[in-house]
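In what follows, chains are A, B, ... by sequence order, proteins preceding strands, each numbered from 1. Computed from a predicted structure; not experimentally measured.
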Protein chains: 2
Amino acid sequence: MSEGRPPVPASPTLEDVARAAGVSRATVSRVINGIRNVDPAIQETVRHAIAETGYVPNRAARSLVTRRAGAVALVVSGTGEESVDGPFHSKVFADPFFGRVASGVVGFLRPRGVHPILMFAEDDEARAQVIAYLRQGNADGAVLVSTNALDPLPGLLTGMGLPAVLFARPSPPIPISYVDVAHRTGAKLAADHLVAVGRRRVATVTGPLAVPAAQDRLNGFRDAMAAHGHPYVPCAEGDFTQDSGEHAMERLLAEHPELDGVFAANDLMARGALLALRHHGRQVPGDVSVVGFDDSSAATASRPPLTTIRHPVEDMAAEMTRLLLEHVDDPGRPVTSVIFEPSLVVRESA
Amino acid sequence: MSEGRPPVPASPTLEDVARAAGVSRATVSRVINGIRNVDPAIQETVRHAIAETGYVPNRAARSLVTRRAGAVALVVSGTGEESVDGPFHSKVFADPFFGRVASGVVGFLRPRGVHPILMFAEDDEARAQVIAYLRQGNADGAVLVSTNALDPLPGLLTGMGLPAVLFARPSPPIPISYVDVAHRTGAKLAADHLVAVGRRRVATVTGPLAVPAAQDRLNGFRDAMAAHGHPYVPCAEGDFTQDSGEHAMERLLAEHPELDGVFAANDLMARGALLALRHHGRQVPGDVSVVGFDDSSAATASRPPLTTIRHPVEDMAAEMTRLLLEHVDDPGRPVTSVIFEPSLVVRESA
DNA sequence: ATGAAAGCGCTAACAT
DNA sequence: ATGTTAGCGCTTTCAT
């Protein structure tokens with residue numbers, strides 16, 4: 001932003017409150033920051049003066065001395081290869097998942113008087129801007145949700161000493177805290193359910209296999225099916241979009257027309273699979289059972305509603321934020337991971 | 001956030017750079033802020049010193065003296081009645097529309113080194129927190145997208161003298177800048193198209209009629225149909241969600257089984273209408289033509305893909321942000337509105 | 001328990 | 001064209 005005049009009329013300062021209360025700035029400051037050793041009577045006087053003057057602390061002044069921004073960044077990071085259709089940001093939020101993360105983050109932050117700074121890091125340039133911005137000390141830490149496992153950003157952030165917590169385990173092991181869901185357990189839940197409803201010729205639509213989560217879901221599913229006596233599970237790779245799910249399902253159907261069950265690594269792809277199945281005249285769940293993953297809004301909005309694996313995204317995001325604030329308050333704290341257990345939500349598709 | 005030790009090692013200050021370059025702080029400051037009247041040779045020296053020391057300006061210190069936060073808020077505001085299923089924030093971002101707005105805002109802000117602070121104001125408490133936060137001077141202004149026409153927030157913001165720009169015209173006329181789309185023109189486009197493809201028994205699924213946009217789309221549609229010789233257009237009210245669209249379509253079908261065309265006031269509801277139509281065995285577009293509004297990702301993801309009215313949400317959001325920065329730079333500037341023209345996107349549903 | 005005073009890092013007069 | 005200097009509003013020793 002370019003320069004201009006001050007937009008707001010001068011607001012009351014500590015000095016004003018101190019004068020009104022007949023005490024010193026220091027005392028007012030103590031009251032505001034909840035430091036004890038202040039006479040209760042004086043505290044009362046000060047509080048009254050604060051209310052009377054309509055005083056609100058100036059964050060810049062406070063930050064300058066405390067060396068804390070009092071803000072955190074919410075960084076959505078991508079690969080840089082996604083500029084196929086439309087701007088990255090638009091696409092990102094087309095996936096309801098990110099909205100749930102944002103929700104969880106804000107939900108945790110807000111009661112604490114903190115609000116997240118929203119940043120996108122979809123390519124090298126954007127990443128550089130993010131780094132530059134954070135280097136200015138605009139945020140005390142960052143919660144990071146990345147669409148790409150090889151994202152260099154987590155490494156860069158920890159490298160510059162900025163507290164950061166990831167949503168989902170990074171692919172190259174780096175010393176950074178993260179929250180994640182037990183993908184393998186979730187996939188097992190899906191496998192168990194498909195088998196329980198009598199499916200025997202089951203295939204899976206995977207996410208991009210460079211992503212650990214996609215790997216885990218695939219492997220977990222395969223292992224579970226193997227445990228049920230089905231060592232071979234046909235699979236087709238998608239990229240977590242609905243279209244990719246539809247195409248993957250087409251391929252699966254072409255090669256294995258006899259299949260009677262599908263596990264898609266997320267709901268969007270499951271929805272695409274539903275489309276392909278209908279297109280080929282297969283009834284769901286009559287002919288083919290479909291299980292998704294995420295329990296996103298896509299799951300309830302699709303017809304039939306999706307049986308899926310739910311993970312508590314909002315809770316996870318809140319926990320991620322909690323971890324971040326912990327790291328901010330105590331930079332020496334060792335990195336940790338918190339893994340959430342998913343659950344099966346049975347609807348109509350399987 | 002509670003207090004703790006400084007998270008980062010002391011970074012170089014203006015003083016350090018000045019010393020390294022053998023000049024005064026003021027000169028370095030001038031170079032950084034692009035103020036002319038600095039000897040080119042010295043500029044070079046200073047730049048070198050900056051690079052050498054790895055200096056980055058401290059935003060808090062700068063804000064303290066300029067009295068500018070250098071940040072803007074992106075506020076998503078709701079009615080408070082939406083807590084039906086899941087947290088407000090989750091629901092908000094389930095609508096791809098908000099993602100597009102965020103995208104446009106960030107797209108405009110980022111090249112200018114500004115990032116938005118994300119805030120939700122879904123009920124009185126949240127609204128109070130938003131106000132309190134903004135009163136602290138954490139943002140120089142706010143771009144506001146509201147799901148409710150009677151939202152008190154715009155009034156509150158302008159009341160406290162904070163520059164703000166809305167996405168969509170507020171229902172009670174208040175002196176505030178906004179961007180919007182020509183809803184009536186869009187609705188007319190839909191009507192013209194439905195008539196052009198031979199539809200004569202046309203109905204409409206409206207948005208919540210308390211919202212001006214929903215009103216305008218309805219009225220624009222009715223007027224245009226009247227101009228085509230169809231004075232009566234059955235309508236059913238929805239609330240912009242897919243489910244509401246489905247239910248509205250059910251009602252329409254029950255009362256007017258002969259209908260052959262539908263205009264839904266947004267894509268999500270159009271999608272719901274598609275579901276209801278299929279459920280009743282109507283072919284789209286064979287038996288019934290369907291036109292949506294928004295050209296959101298829901299339009300391309302639905303089957304058949306939706307013919308819809310496109311408005312340039314990202315561009316509008318960018319313009320909204322531009323207007324905000326203008327108001328921030330010059331608080332005296334009179335409020336303005338910018339209305340964008342929508343266009344018809346023909347796909348398969350009509 | 002309270003006050004006085006020293007800055008935090010920066011910008012913007014003002015002086016030269 | 002450059003330097004000097006006075007704060008911006010706050011927290012935090014250090015005295016008292």
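- Contact annotation: A:N37 side-chain N/O to C:dA1 OP1/OP2 distance is under 4.0 Å.
- Within residues 39-55 of chain B, the residues having any heavy atom closer than 4.0 Å to DNA chain D are, in order of number, B:D39, B:I42.
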Applying side-chain contact (heavy atoms from CB on, under 4.5 Å) to B:V28 and B:R47, what does each step give before you reach the verdict?
CA-CA 8 Å; B:V28 179; B:R47 281 188 211 297; over 6 Å; no
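- Nearest to the side chain of A:R62, among C:dG9, D:dC10, C:dT2, sits D:dC10.
- Geometrically, B:R100 does not engage B:F98 in a cation-pi contact, judged by NZ or CZ lying under 6.0 Å from the ring centre and within 45° of the ring axis.
- As rounded to whole Å, 18 Å separates atom C1' of D:dG9 from atom CZ of B:R68.
- The CG-C1' distance, from B:L64 to D:dG7, rounds to 9 Å in whole Å.
- Look at CZ on A:R25: it is 10 Å from P on C:dA4, rounded to the nearest Å.
- Nucleotide D:dG9 holds its P atom 15 Å from the CG atom of B:N138, rounded to whole Å.
- Shortest non-hydrogen contact noted between B:I174 and B:P154 is CD1-CB, 3.6 Å.
- Applying the 4.0 Å criterion to OP1 and OP2 of D:dT11, one finds that A:N33 has a side-chain N or O inside that range.
- Distance A:I32 CD1 to C:dT2 P: 15 Å, rounded to the nearest Å.
- Listed nucleotides: C:dT2, D:dT11, D:dG3. Nearest to the side chain of A:T27: C:dT2.
- The side chain of A:L14 has D:dC10 as its nearest neighbour among C:dT11, D:dC10, D:dC8.
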side-chain contact (heavy atoms from CB on, under 4.5 Å) between B:V114 and B:D140, worked out
CA-CA 11 Å; B:V114 182; B:D140 298 323; over 6 Å; no
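- With the nearest nucleotide of DNA chain D identified for both B:S24 and A:R59, B:S24 has the one nearer the 5' end.
- Among the protein residues, A:S29 comes within range of the nucleic acid bases, having at least one heavy atom under 4.0 Å from a base atom.
- None of A:V145, A:D151, A:V130 except one satisfies the side-chain contact (heavy atoms from CB on, under 4.5 Å) rule with A:S77; the exception is A:D151.
- Atom CD of A:E15 is separated from atom C1' of D:dC10 by 11 Å (rounded to the nearest Å).
- The side chain of A:R30 sits closest to C:dG3 out of D:dT4, C:dG9, C:dG3.
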Evaluate B:T27 against B:D39 for side-chain contact (heavy atoms from CB on, under 4.5 Å), listing each step before the verdict.
CA-CA 10 Å; B:T27 300; B:D39 187 291; over 6 Å; no
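- Relative to the ring axis of B:Y133, B:R135 does not place its NZ or CZ within 45° and under 6.0 Å from the centre.
- Nearest-nucleotide positions on DNA chain C place A:V38 closer to the 5' end than the other of A:V38 and B:A61.
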